[in-house]
Amino acid sequence: MSRRLRRWILLAPVVFVVLATLGAIAAHHDAQKGPDAQPLPGLGLGRLAAARGILLGTALDDGALQHEPGYRHVLGTEFDAITPENAMKWDAVEPKQGELHWDAADRAVDFAGRHRLKVRGHTLVWYSQLPGWLADGGFKAPALRRLMTDHITTEMRRYRGRVRTWDVVNEAMADGGGLRPGLWLDTLGPSYIAEAFAAARKADPDARLALNEIGADGSGPKADTLLKVVRELKRRGLIDEVGFQAHFNLNGVPPSMAQNLRRFSDLGVDVAITEADVSVKDPGTPEQLKVQAEVYGDLVRVCRSVPRCRALTVWGFTDRHSWIPSSSPGYGSATLLDDELKPKPAYAAFQAALRAP
Ligand code: G3I
């Protein structure tokens, strides 16, 4: 055996120990307790959810991830999965045609890797948050189809093996039933959905592929159309999961939600709650926050009552970074923790609903 080989064999364990130590320091640094990180009561929500067979996730705000140690601390201790809130959307990754920006998405996926969090890729084909060059490009069907499949392939290949589930197509159903009109349907026709899923299946055969929908949580024309589309995708072996966003207010969880989700799992796909929040009219009185807590508890009970509801993601975990105030002025307080990362009644209700026998 050469001297060089012998030296490598002797050095290898030392190199391993050094790398392992550096990794542990980096992970600790990430999750360090910032000035406003309060230890939350009881077991982390993620561990309670895992005991019920539910992967608990949260939308991830890139700015907070970069600049708020307290936010990172809660992320690392309370959740087992993340969905980049905006970083993987087309307008974020390709603001100019051919100019790819991956920094924010890489930050999310790298953080998840360091903290053993699963990643939900969100979202590849959507009518919103498209870059201007695409939305207003006037592309004809062949060119647009190519742009869509190339985008899916490029993004999925970059994160191959590091994204557990992809929201391949988002919000494709129209509120009154039928498919939502827009760039994709108007130019490519109804087949764009299956074409997107087929491209995704090819790009990463090991990834779970999901169709994600807003406002289809309870039965109704939108959920009925969704069921038809999912049945066909399942027949072609192109789909693994249906995401129900669950953006609620104090009107609560639709009474038909559990039965509706079971209609989908009966097709042989998993179901997931993917963007749960419960918006409250400002200023969010104690009585309102009590009702909000019941809604969050009901949502957990719905997921637990549907055997193939395997994942529940809240759309942000602190009011400090919720999308609600900017999108619905006069409303807010939509998440489990307040602006100071302190648990609200919703946190306790969520925890209790996970703990209940
Ligand atoms: O990136 C720009 C930044 O350059 C600019 O300075 C800033 C001020 O105008 O805007 C930034 O873009 C914002 C973007 O979030 C990234 O922060 C957009 O204005 C803002 O409209 C956008 O809001 C996002 C919204 O989707 C867009 O529809 C929310 O954060 C996000 O939570 C929300 O999430 C969606 C899901 O993806 C799909 N389901 C519905 C859900 C709520 O709409």
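All values reported here derive from a predicted model rather than from experimental measurement. Both ligands and their constituent atoms are indexed starting at 1 by order of listing.
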**Q** For atom 30 (O) of ligand 1, what is the nearest protein heavy atom, given as residue, atom name and distance?
**A**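 Answer for atom 30 (O) of ligand 1: Asn86 ND2, 3.0 Å.
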**Q** Take the angle between the ring planes of Tyr192 and Trp184 and call it parallel below 30°, perpendicular above 60°, tilted in between.
**A**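 The arrangement is parallel - the two ring planes meet at less than 30°.
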**Q** Nearest protein heavy atom to atom 41 (C) of ligand 1, by residue and atom, and its distance?
**A**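 Here the nearest protein heavy atom works out to Glu275 OE1, 3.4 Å.
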**Q** Can you tell me the protein heavy atom closest to atom 43 (O) of ligand 1 and the distance?
**A**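 Scanning the protein heavy atoms, the shortest distance from atom 43 (O) of ligand 1 goes to Trp323 CZ3, 3.4 Å.
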**Q** Could you tell me whether some N/O pair between Gln245 and ligand 1 is separated by less than 3.5 angstrom?
**A**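 N/O-N/O distance under 3.5 Å: yes.
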**Q** Could you check Phe244 against Phe264 for ring-ring contact (aromatic ring centres under 6.0 Å, His included), going step by step and ending with a plain yes or no?
**A** CA-CA 11 Å; Phe244 297 86; Phe264 289 83; 5.1 Å; yes
**Q** Measuring from atom 36 (C) of ligand 1, which candidate in His122, Glu85, Met88 has the nearest non-hydrogen atom?
**A**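 Closest candidate by heavy-atom distance is His122.
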**Q** For atom 25 (C) of ligand 1, what's the nearest protein heavy atom and its distance?
**A**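 Sorting protein heavy atoms by distance from atom 25 (C) of ligand 1 puts Gln129 OE1, 3.6 Å first.
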**Q** Just to confirm my output: which protein heavy-atom neighbour is closest to atom 33 (C) of ligand 1, and how far is it?
**A**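 Looking at atom 33 (C) of ligand 1, the protein heavy atom closest to it is Lys89 NZ, 3.8 Å.
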**Q** How long is the span from the CG atom in Asn212 to the OG1 atom in Thr274, to the nearest 0.5 Å?
**A**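 Atom-to-atom, Asn212:CG and Thr274:OG1 are 3.5 Å apart.
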**Q** Please work out which of the three classes, parallel, tilted or perpendicular, describes the rings of Trp90 and His151, given edges at 30° and 60°.
**A**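 Parallel.
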**Q** Take His115 and Phe79 through the test ring-ring contact (aromatic ring centres under 6.0 Å, His included) and record every step on the way to the result.
**A** CA-CA 10 Å; His115 291 269; Phe79 295 95; over 10 Å; no
**Q** So, do Tyr296 and Phe248 have ring centers that fall under 6.0 Å from each other?
**A**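 Not close enough - the centres of the two rings lie 6.0 Å or further apart.
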**Q** Taking atom types as modelled, find out whether Glu68 and His73 have a side-chain donor-acceptor pair closer than 3.5 angstrom.
**A**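 No donor-acceptor contact under 3.5 Å links the two side chains.
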**Q** Looking at atom 34 (O) of ligand 1, what's its closest protein heavy atom, distance included?
**A**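 Minimum-distance protein heavy atom for atom 34 (O) of ligand 1 reads Trp315 NE1, 3.3 Å.
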**Q** For ligand 1, note which part of Asn170 has a heavy atom under 4.0 Å away: side chain, backbone, both or neither.
**A**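 For Asn170, the contact with ligand 1 is made by the side chain alone.
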**Q** What atoms in ligand 1 come closer than 4.0 Å to a heavy atom of His247?
**A**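 The list of qualifying atoms is 40 (C), 41 (C).
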**Q** In terms of side-chain heavy atoms, does Gln245 have a donor or acceptor partner in Asn170 at a distance below 3.5 Å?
**A**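 There is such a pair between these side chains.
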**Q** Is atom 12 (O) of ligand 1 in close reach of the protein, with a heavy atom under 4.0 Å away?
**A**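 Not a single protein heavy atom is under 4.0 Å away.
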**Q** Establish whether atom 38 (C) of ligand 1 and some protein heavy atom are separated by less than 4.0 angstrom.
**A**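 There is a protein heavy atom less than 4.0 Å from atom 38 (C) of ligand 1.
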**Q** Look at atom 8 (C) of ligand 1 and say whether a protein heavy atom is found at less than 4.0 angstrom from it.
**A**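 No.
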**Q** Of the non-hydrogen atoms in Gly215 and Lys222, which two are nearest, and what is the gap between them?
**A**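 Gly215 and Lys222 have their closest heavy atoms at O-CD, 3.7 Å.
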**Q** Under 4.0 Å and counting heavy atoms only, is there anything from the protein next to atom 18 (C) of ligand 1?
**A**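 No; the ligand atom in question lacks any protein heavy-atom contact below 4.0 Å.
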